[in-house]
Amino acid sequence: MLETVLCGVTMKSPVIAASGTFGFGLEYANYLDLNTVGAISVKGLSLKPRRGNDGRRICETPSGMLNCIGLENPGVESFINDILPQLSTYDVPIMANISGSDIEEYGKMAALLDIEGIDFLEVNISCPNVKNGCLAFGVDPVSAAQVTRIVKKNTHKPVIVKLTPNVTDIVSVAVAVEAAGADGISLINTLLGMAIDVDTWQPFMGNRFGGLSGPAVKPVAVRMVYQAAQAVHIPVIGMGGIMSGRDAAEFMLAGASAVSVGTATLCSPTAIVDITKELEQYGQGKGLVNIGEIVGQCK
Amino acid sequence: MLETVLCGVTMKSPVIAASGTFGFGLEYANYLDLNTVGAISVKGLSLKPRRGNDGRRICETPSGMLNCIGLENPGVESFINDILPQLSTYDVPIMANISGSDIEEYGKMAALLDIEGIDFLEVNISCPNVKNGCLAFGVDPVSAAQVTRIVKKNTHKPVIVKLTPNVTDIVSVAVAVEAAGADGISLINTLLGMAIDVDTWQPFMGNRFGGLSGPAVKPVAVRMVYQAAQAVHIPVIGMGGIMSGRDAAEFMLAGASAVSVGTATLCSPTAIVDITKELEQYGQGKGLVNIGEIVGQCK
Amino acid sequence: MTGIKQIGTIIYNEPVAQSVYKMVVNAPDIAKAAVPGTFVHFGLMQDSSHILRRPISLAETDIEKGTITIIYRLAGEGTTCMSQLSAGQVIDCLGPLGRGFTPSDKPVILIGGGVGVAPLLFLASKLKKENVTVIIGGKTASELFWTDMFDVQKIVTTTDDGSAGKKGVAADVLAELIQSTGAAIVYTCGPTPMVKKVAEIAKACRISCEVSLEAYMGCGTGGCLGCVIDGRGGKRYKVCHDGPVFDAEEVFFRA
Amino acid sequence: MTGIKQIGTIIYNEPVAQSVYKMVVNAPDIAKAAVPGTFVHFGLMQDSSHILRRPISLAETDIEKGTITIIYRLAGEGTTCMSQLSAGQVIDCLGPLGRGFTPSDKPVILIGGGVGVAPLLFLASKLKKENVTVIIGGKTASELFWTDMFDVQKIVTTTDDGSAGKKGVAADVLAELIQSTGAAIVYTCGPTPMVKKVAEIAKACRISCEVSLEAYMGCGTGGCLGCVIDGRGGKRYKVCHDGPVFDAEEVFFRA
Ligand SMILES: Cc1cc2nc3c(=O)[nH]c(=O)nc-3n(C[C@H](O)[C@H](O)[C@H](O)COP(=O)(O)OP(=O)(O)OC[C@H]3O[C@@H](n4cnc5c(N)ncnc54)[C@H](O)[C@@H]3O)c2cc1C
Ligand SMILES: Cc1cc2nc3c(=O)[nH]c(=O)nc-3n(C[C@H](O)[C@H](O)[C@H](O)COP(=O)(O)OP(=O)(O)OC[C@H]3O[C@@H](n4cnc5c(N)ncnc54)[C@H](O)[C@@H]3O)c2cc1C
Ligand SMILES: Cc1cc2nc3c(=O)[nH]c(=O)nc-3n(C[C@H](O)[C@H](O)[C@H](O)COP(=O)(O)O)c2cc1C
Ligand SMILES: Cc1cc2nc3c(=O)[nH]c(=O)nc-3n(C[C@H](O)[C@H](O)[C@H](O)COP(=O)(O)O)c2cc1C
Ligand code: FES
Ligand code: FES
């Protein structure tokens, strides 16, 4: 029912652990069987280690949350040497989620990660939480295409470009990265948001702004997935507020070939497997042979 | 405590009834004392009467809602002849919220509404729910400025330009309309969204897409109000998900001189007066003389 | 009507049939003001992610006890939320809203299907018993639990599968009963295909027909234009304010 | 620790002081696995707009009865939600999470302020009574309700306003008690200024100090990096996973 081939990679289900909310996967090995996850997109990697932001990094908002982790990670090398070998003991496709502070860094990271054990590259051109960071690449079709091209040149892996919703026209960015050679796109990253403590008159977030995720953003995410899927011919990975199998189905109906689950894992560590089961039940209830039959069925 | 002067107009409170959720005000005369409302922004007007969209127009989403009313309204003339005289019996500032299908229409409407009984024009360049409609003007700083200029040329009233959040860079639009002569800006209008019925595989909304409003969007709205208020020198009216006096205070701390309450009125017809009271209590609790003291205090 | 907002205490909230609940709420001001066909817009205070109210027709009121009664079907998250409330908990009520049925002192027919029967219960209680014939249609016998709740002259039932009453749909028996009772008006509420058919039969029999409609609602108070439907002559009606009860001529025969 | 997810039935949930509640939940697997200093991450199932869990330290467990006890202060919407649940209702528990206190069989001092006293209760119950001295600080007498809950050798209390115990802050009496009891370790939990001061005094007295910290949390399970704080030598620690209990040296004296 759930088996899915995404950019040539066979996954046991179309439900992917989104980057940043599932650590490096290993943190969840005691909570669920990692071998049953569709794919794991690891915490966003940068070329050098990053300490992330100071101050408060998480804040709840109505049916959503803000985060400004700021890409804390041990850097690509430590990932490859210390973490990937452990991950490779599991039978689950790995997506390396990468963020560069300039275009060259994206190329270098792609080259370093063009190794066994990595199944996809997910190119984050949309993180709102780092200064002079990658969000800038994602809001402009030209620079988005440049990043895509340099990554493609440096890797043999399928390249998924992760788009930001903080744009006027998602279609122009989607079309630009497709033309630049992307093998797939994923969306949405978080919406730029802010919360203010009305008692202290200070921003809640250490970084002032944060990225909004969770059920609150789902209508925006579904709309953008729908628009992007209508415009491109490469597979789309949909995400933004998926909390249930029916939410996953909604994104697939909008045109997503696979989905990612982010914030839901913060609500429950077993969210991904729960959602996977619910999606399977949904498919059975609708008499499907494979869940892929619903992709793009909402016209 | 609450008295506020906005673009030269004195209001009893900074809490305004947002356009589209308070009808023409008269619908609520039995629920609350219209004379206590800060100002009323009437349902969006077009030059000619509009029937609005067919099919389902409202859909609940997590902590939010989608609407695709499609600017159903009796047209400016009927508003002036049939509705305004009734509204004028109340002692409350009236904001005429106008949408044109081309730039000339904005000018014509501004001229027609340059009459007694109207206190502000709110220029909607951001309605996401009408085809070849006004959203297009709002996403581009150049056309946003053009609309602003033609309206200014045709009216003696203070001109508030209502911005859409569906843009990459809210600051560039805010700055452009300020330079074009706007006396104030209001934001946010709704975020473009979509919901799909996973049983019927059809979009929930008659118009496929709808505008997202309510608490779900508040973090995005606060962020945009903050960014815009830092960039312009004209007053900002903040809105998007205000459900309580503390929410109203959050927007004022972000830089809003006044706030509008939209969706909350759908939750409770007395929301505006309830929020006004809570804002007063908040101000008293903080030992303020006038609520205006908190405007922009979150740096 | 201008509704009254009351936080009412729930007195009773139990299933009356598969996926159908009856709730009794203490809301004296609403009970006093209500007329048949009007509805109450319920706020789901316990779960703040559900920001919109849910409209439910009044099925009964008791002015002395100060209570209102509704009968509702579990349709989705909102009604499921409502069904989880227990006696003693509170619910946010806004009502009565809308325009109700026009009562008649002539012989009348009330014809409903599904939870559309609920407002007809209230209407029947305000009419002269001997004037009222009720027709209730269901898919199968278990959907006809309503019959016990009516205290009227005559009840006719139909089921799609023939498991109780006459086999067929409610409208099948209407024309005959209009003739035999000499009814002056038909009141109807239920699934759209059913009420349309009812309206056509009433028209063919040249008697009036009032129909209670549903629409997905926002405010319920006329301010948002979320519930608008087409009326005769290109008119737009707000279901929450101009309805939910309409003259069938106005909404179904619009040419 | 790897937490266990259990939907627990609430057995008791009542105020124990102004704005402070005690809740007892049936959650046998969590009770069995818990050690002092670990916490449970509570999901607010009843209101789906609150998507994040709330971390609360364990104040007591009863393996035989299969229950866990927490003591929590009304801090905002989430804890208010929790306080509205009644016995018989359920709550979503994920725990025990984190790294707890390192127990000692030498004389020890437990020093806490505010709801920071809660995890110390659990710790005291696992230590030899005669080894334990507890210091509790509060603003005023009514904040010292904890004293009845401890069954230990000695309890010393302080209040800012002198309305009970010694006038001053808890840390004022610490140095003296370290000396008089010959304590080998100080365990502390409470407001940041307090625990920092405690750690400094312990350091000056050359004994170890374990401190339970708070951070705004996302997952609680180490996956989101939402709760990260600075540690010695430029290290970053996850409060949920590497803590909430830390050696004071690691987190306060980082040079
Ligand atoms: C005037 C009026 C009177 C009504 N009277 C009754 C009644 O007496 N008993 C009863 O069981 N139901 C009645 N309904 C229908 C009832 O309002 C919906 O079933 C209910 O709102 C569904 O809410 P939900 O969250 O459970 O479902 P959702 O998950 O929101 O939706 C489930 C289904 O219910 C429909 N629905 C949802 N919200 C509304 C809404 N606001 N208005 C209309 N349809 C909606 C949707 O179209 C959808 O197909 C009435 C509706 C109206 C407009
Ligand atoms: C490991 C740990 C153990 C704790 N043990 C206890 C305890 O035993 N008793 C007790 O009363 N409280 C305890 N807390 C604090 C408790 O988690 C917060 O008071 C609670 O989450 C507030 O939720 P709220 O929705 O009511 O408040 P909100 O409205 O969300 O916030 C109110 C205040 O509480 C703080 N807060 C909110 N959420 C969190 C969070 N997830 N983590 C830390 N602080 C938060 C915020 O900084 C804010 O200032 C503990 C916190 C941690 C991290
Ligand atoms: C705490 C947190 C950290 C995140 N870190 C990353 C990241 O490192 N790289 C990335 O591409 N996206 C990151 N995201 C974005 C998510 O992968 C996802 O795109 C977004 O949260 C929307 O999905 P959701 O609503 O299911 O969470 C992060 C999100 C959260 C909540
Ligand atoms: C049902 C509905 C109708 C609306 N109609 C209009 C309109 O006619 N003109 C306009 O400028 N904004 C319109 N809006 C947008 C609101 O005025 C407001 O900008 C937006 O909803 C965000 O605020 P809120 O979250 O408080 O609703 C409408 C919103 C809703 C929900
Ligand atoms: S529901 Fe708002 S006008 Fe009818
Ligand atoms: S709360 Fe997620 S890592 Fe600690």
Side-chain angles (χ1 to χ4, degrees), chain B residues 17-32 42-44 49-74 197 199 204-206 210 213-216 241 243-244 262-272 274, chain C residues 1-7 29 33 40-45 47-55 75-81 91-98 192 213-231 233-242 254:
Chain B
S19 176
T21 49
F22 202 66
F24 289 104
L26 304 166
E27 292 86 343
Y28 291 89
N30 285 330
Y31 286 99
L32 49 86
V42 298
K43 174 64 197 167
R50 285 183 61 100
R51 297 177 51 74
N53 289 319
D54 291 320
R56 192 188 275 187
R57 292 177 169 191
I58 296 263
C59 167
E60 190 181 69
T61 67
S63 294
M65 61 172 284
L66 291 168
N67 90 80
C68 62
I69 309 301
L71 280 180
E72 174 175 340
N73 80 91
D197 185 332
D199 288 320
F204 265 109
M205 297 275 93
S213 63
M243 304 292 277
S244 69
T263 302
T265 295
L266 273 57
C267 308
S268 169
T270 57
I272 290 172
D274 298 340
Chain C
M1 297 182 76
T2 299
I4 300 153
K5 206 183 145 185
Q6 280 198 307
I7 306 295
D29 298 343
V40 172
H41 216 19
F42 290 96
L44 306 172
M45 315 165 59
D47 187 335
S48 57
S49 80
H50 292 295
I51 64 164
L52 295 181
R53 290 171 176 270
R54 301 297 194 270
E77 290 184 16
T79 43
T80 302
C81 259
I91 188 164
D92 175 1
C93 311
L94 174 67
L97 295 172
T192 310
L213 296 184
E214 290 196 5
Y216 207 87
M217 284 186 183
C219 64
T221 52
C224 76
L225 303 173
C227 63
V228 164
I229 55 161
D230 283 313
K235 237 188 112 132
R236 291 280 208 184
Y237 285 121
K238 299 178 199 169
V239 172
C240 71
H241 181 262
D242 306 320
R254 300 197 297 265

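First the proteins, then the strands, lettered A, B, ... as listed; each starts at 1.
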I'd like to verify something: which residue of [options] has the highest number of heavy-atom pairs under 4.5 Å with chain C?
options: Ala216(B), Pro62(B), Cys59(B); value: Cys59(B)
options: Gly214(B), Pro215(B), Gly64(B); value: Gly64(B)
options: Ser63(B), Gly25(B), Gly262(B); value: Ser63(B)

Just checking Glu72(B): does its CD atom have more than 12 heavy atoms from other residues, nucleotides or ligands closer to it than 6.0 angstrom?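 More than 12 heavy atoms, drawn from other residues, nucleotides or ligands, come within 6.0 Å of this atom.
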Near His241(C) NE2, under 6.0 Å, is it more than 12 heavy atoms from other residues, nucleotides or ligands?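 12 or below, so no.
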Would you confirm whether [X], through its side chain, and [Y], through its main-chain N or O, come within 3.5 Å as a donor-acceptor pair?
X: Tyr216(C); Y: Gly55(B); value: no
X: Arg236(C); Y: Arg51(B); value: yes
X: Arg57(B); Y: Cys224(C); value: no

Which portion of Thr221(C) sits near chain B, non-hydrogen atoms under 4.5 angstrom: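 Both backbone and side chain.
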Can you say whether Ile51(C) sits under 4.5 Å from chain B via the side chain, the backbone, both, or neither, judging by heavy atoms?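 Ile51(C) touches chain B through backbone and side-chain heavy atoms alike.
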Calculate, to the nearest 0.5 Å, the distance between atoms [atom1] and [atom2] belonging to [X] and [Y] respectively.
X: Glu60(B); Y: Arg54(C); atom1: CD; atom2: CZ; value: 4.0 Å
X: Tyr28(B); Y: Cys219(C); atom1: OH; atom2: SG; value: 4.0 Å
X: Cys267(B); Y: Met45(C); atom1: SG; atom2: CE; value: 13.0 Å

Locate the shortest heavy-atom distance separating Tyr31(B) from Leu97(C); write the atom from each residue and the value.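 Where Tyr31(B) meets Leu97(C) most closely, the heavy atoms are OH-CD2, 3.3 Å.
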Which portion of Thr263(B) sits near chain C, non-hydrogen atoms under 4.5 angstrom: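 For Thr263(B), the contact with chain C is made by the side chain alone.
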Without hydrogens or angle criteria, can the side chains of Lys5(C) and Thr270(B) be said to hold a donor-acceptor pair below 3.5 Å?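 There is no such pair (donor and acceptor under 3.5 Å, judged by atom type) between the side chains of Lys5(C) and Thr270(B).
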Given Leu225(C), which partner from the list Asn67(B), Ile69(B), Ile58(B) fulfils the side-chain contact (heavy atoms from CB on, under 4.5 Å) test?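 Among Asn67(B), Ile69(B), Ile58(B), the one that satisfies the side-chain contact (heavy atoms from CB on, under 4.5 Å) with Leu225(C) is Ile69(B).
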